[in-house]
Amino acid sequence: MDKLVIHGPTKLKGEVTISGAKNAAVAILPAALLINGVCRIENLPNISDVKMYCKILQELGAKITWITENEIEIDTRDLSCTQAPLEMTSKFRASYYLLGVLLGRCGTAEVGLPGGCNLGARPIDQHIKAFEALGAKVDIAQGKITAKAKKLVGTSIYMDIVSVGATINAVLAAVLADGTTTIDNAAKEPHIVDLANFLNTMGADIRGAGTDVIKINGVKELRGNATYSVVPDQIEAGTFMLAAVASRGNILIKNCIPEHLDCITAKILEIGGTVEDYGDSIRVSMNKRPNKATVKTLPYPGFPTDLQPQMGVVLATADGTSTLHESIWESRFQYTFELNKMGAKITAQGKSAVFEGVKELTGSPVYATDLRAGAALIIAGTIANGETQLYNIEHIDRGYENIEEKFRNLGANIQRVTEQIEM
Ligand code: UD1
């Protein structure tokens, strides 16, 4: 069992290079199964969710060649199976994209009910609604979702709520459907645009990704025979932006797309930080205690829920009382109990948390309650006085490439330690 041991406080300074986006990669990898041919994917983050997805694709009959640790070639000409291995798919959320993909390519799909971070109820009614609208029959029984269709036919789908996953699954199922599909009230996150760009590069006809109306003209087949590079990770870039602010540091964040980060930049300016935009990199610095703020998470282009815990660390030591409103996930404040162990004064109730800013945090044993909470606690350990031991870091390894090395390069005193469990 690995843990991270962090000694603080450190003002983080230097450069960091952002990896490919986790949430784009875990949509693009299954999307490759829609291709009847070979494709190359570059700038894949070297994280455990990507490795797990590659194993699942291999189980389904795809041939994968690793060119480097961030680049693969996938040959999907001979798919042999439409049943995704249950013990693997039930471990992470994005496995449900296999439903849209296998339904689109083979007309039948069987996937374990998805796992992933425990952020509260994570219904999939909008995914099912989209599949049914396209002509599929969907059943849930014995921990599995089964979808079948003789033929998928393009249609109009109105999403009752803005859902990243349901938008992606509807796109995946519609790419090879007969005729045109329109998705209204679609999610607009950068990784939805990236998925559409990947599929269009491979031969699909998808228009409007990045707006709330996406139109998919079904094509007969995707031939592949092309190379695609995954977009830089908006959430990883935002994590380092907020790490710079929380630690009163100065970080040049390279290989990012500044417009994906506009709402984070706006909040950083509001609380007294500085952000310089260099086109494909940004420098974030802070030389005082942050001002208090009110932050509400929203679908893109609003403040991302996946940066809410990292923002929470900033507000924990801000000057005054701040409020965070979480509007996407009902259980996303579990990290606040860990921060309180470090001396923060946070009261979380329902969808809001009130942060009474303290001058400093103190190191403590803490637990990563989910992926982004884990990243937030690394930042907290970096700014806290003394030693922090961070447990359950397998959550962090799901979504951040070389995280402790990246923090170490910025001056953090952070080590990965393997604890022997005595039997
Ligand atoms: C994705 C991201 C996750 C991020 C979230 C919100 C991936 C792999 N994960 O998750 O990191 O936190 O977007 O930006 O990209 N909902 C329903 N019915 C549905 C689907 C969703 O009610 O059928 C609700 C959810 O409970 C939630 C909201 O819609 O309250 C948004 O969820 P959604 O955008 O679907 O999140 P994910 O795609 O699971």
Side-chain angles (χ1 to χ4, degrees), residues 23-41 62 74 76-77 79 82 94 96-109 126-138 147-231 299-300:
N23 286 348
V26 296
I28 286 172
L29 285 169
L33 295 182
L34 289 170
I35 300 166
N36 191 1
V38 180
C39 71
R40 262 191 195 215
I41 307 172
I74 311 186
T76 46
R77 280 172 293 192
L79 284 198
T82 55
Y96 56 25
Y97 295 144
L98 291 166
L99 282 168
V101 163
L102 293 173
L103 195 56
R105 169 114 185 233
C106 312
T108 174
Q126 298 301 306
H127 303 239
I128 293 171
K129 174 177 155 169
F131 298 146
E132 288 178 342
L134 286 158
K137 186 171 176 324
V138 183
K148 283 191 179 131
K150 283 209 177 80
K151 185 170 146 185
L152 293 175
V153 181
T155 186
S156 293
I157 301 168
Y158 177 80
M159 294 288 172
D160 298 318
I161 41 126
V162 178
S163 160
V164 172
T167 301
I168 289 180
N169 244 336
V171 169
L172 293 170
V175 163
L176 298 175
D178 219 359
T180 299
T181 300
T182 309
I183 307 170
D184 276 294
N185 200 24
K188 297 180 278 207
E189 268 67 3
H191 48 289
I192 293 178
V193 179
D194 206 41
L195 171 73
N197 288 341
F198 167 76
L199 288 166
N200 285 343
T201 305
M202 301 300 153
D205 183 356
I206 304 167
R207 297 158 196 220
T211 75
D212 48 19
V213 184
I214 302 180
K215 204 174 206 184
I216 304 122
N217 295 314
V219 295
K220 288 243 161 344
E221 111 178 307
L222 299 186
R223 289 201 168 275
N225 203 19
T227 299
Y228 190 79
S229 185
V230 176
V231 72
Y300 188 82

Which heavy atom of Pro30 sits nearest to which heavy atom of Tyr97, and what is that distance? CG-CB, 3.8 Å
Tell me if the CG atom of Asp205 is crowded by more than 12 foreign heavy atoms within 6.0 Å. yes
Of all heavy-atom pairs between Ala226 and Met202, which one has the smallest distance, and what is that distance? O-CE, 3.7 Å
Nearest heavy-atom contact between Ala173 and Leu134 is CB-CD1, 3.6 Å
Looking at CD1 of Ile206 and CG of Asn197, how far apart are the two atoms once the value is rounded to the nearest 0.5 Å? 9.0 Å
Determine whether more than 12 heavy atoms belonging to other residues, nucleotides or ligands lie under 6.0 Å from atom NZ of Lys148. no
Residues Thr167 and Ala187: closest non-hydrogen pair is OG1-N, 3.0 Å
Hey, does the side chain of Asp194 reach the backbone of Ala24 with a donor-acceptor pair shorter than 3.5 angstrom? no
Is Thr76 reaching over with its side chain to a backbone N or O of Ile35, donor-acceptor style, under 3.5 angstrom? yes
Nearest-0.5 Å distance, CG of residue Leu172 to CG of residue Leu199: 6.5 Å
ring-ring contact (aromatic ring centres under 6.0 Å, His included) filter on Phe131, not counting sequence neighbours, yields none
Leu103 side, atom CG; Thr108 side, atom OG1 - distance, nearest 0.5 Å: 7.5 Å
Run the ring-ring contact (aromatic ring centres under 6.0 Å, His included) test against Tyr300 and tell me which residues pass, sequence neighbours left out. none
Heavy-atom closest pair (Thr181 atom, Gly154 atom, distance to 0.1 Å) is OG1-CA, 3.2 Å
Are Ile168 and His191 side-chain neighbours, meaning at least one heavy-atom pair lies under 4.5 Å? yes
Tell me the closest heavy-atom pair linking Ser163 and His127, and the distance in Å. OG-NE2, 4.2 Å
Answer yes or no: is there a side-chain heavy-atom contact under 4.5 Å between Asn36 and Arg105? yes
Within the distance-only criterion (no hydrogens, no angle test), does the side chain of Thr201 pair as donor or acceptor with the backbone N or O of Tyr228 below 3.5 angstrom? no
I want to check something: taking the side chain as every heavy atom from C-beta on, are Asn23 and Glu189 in contact at a cut-off of under 4.5 Å? no
By salt bridge (Lys or Arg N to Asp or Glu O under 4.0 Å), which residues pair with Glu132, not counting sequence neighbours? none
Asn185 side-chain N/O to Tyr158 backbone N/O, donor-acceptor pair under 3.5 Å: no
Atom CD of Gln126 and atom CG of Asn169: how far apart are they, to the nearest 0.5 Å? 12.0 Å
Rounded to the nearest 0.5 Å, what's the gap from CG on Leu33 to CG on Leu79? Could you check? 5.5 Å
Measure the shortest side-chain to side-chain distance between Val219 and Leu176 over non-hydrogen atoms and say whether it is less than 4.5 angstrom. yes
For the atom pair CG (Asp212) and NZ (Lys188), what is the distance rounded to the nearest 0.5 Å? 4.5 Å
Determine, step by step, whether Ile183 and Ile216 satisfy the side chain to side chain contact (heavy atoms under 4.5 Å, CB included) criterion, reporting the C-alpha distance in whole Å, the side-chain angles of both residues, the deciding distance to 0.1 Å, and the verdict. CA-CA 8 Å; Ile183 307 170; Ile216 304 122; 3.7 Å; yes
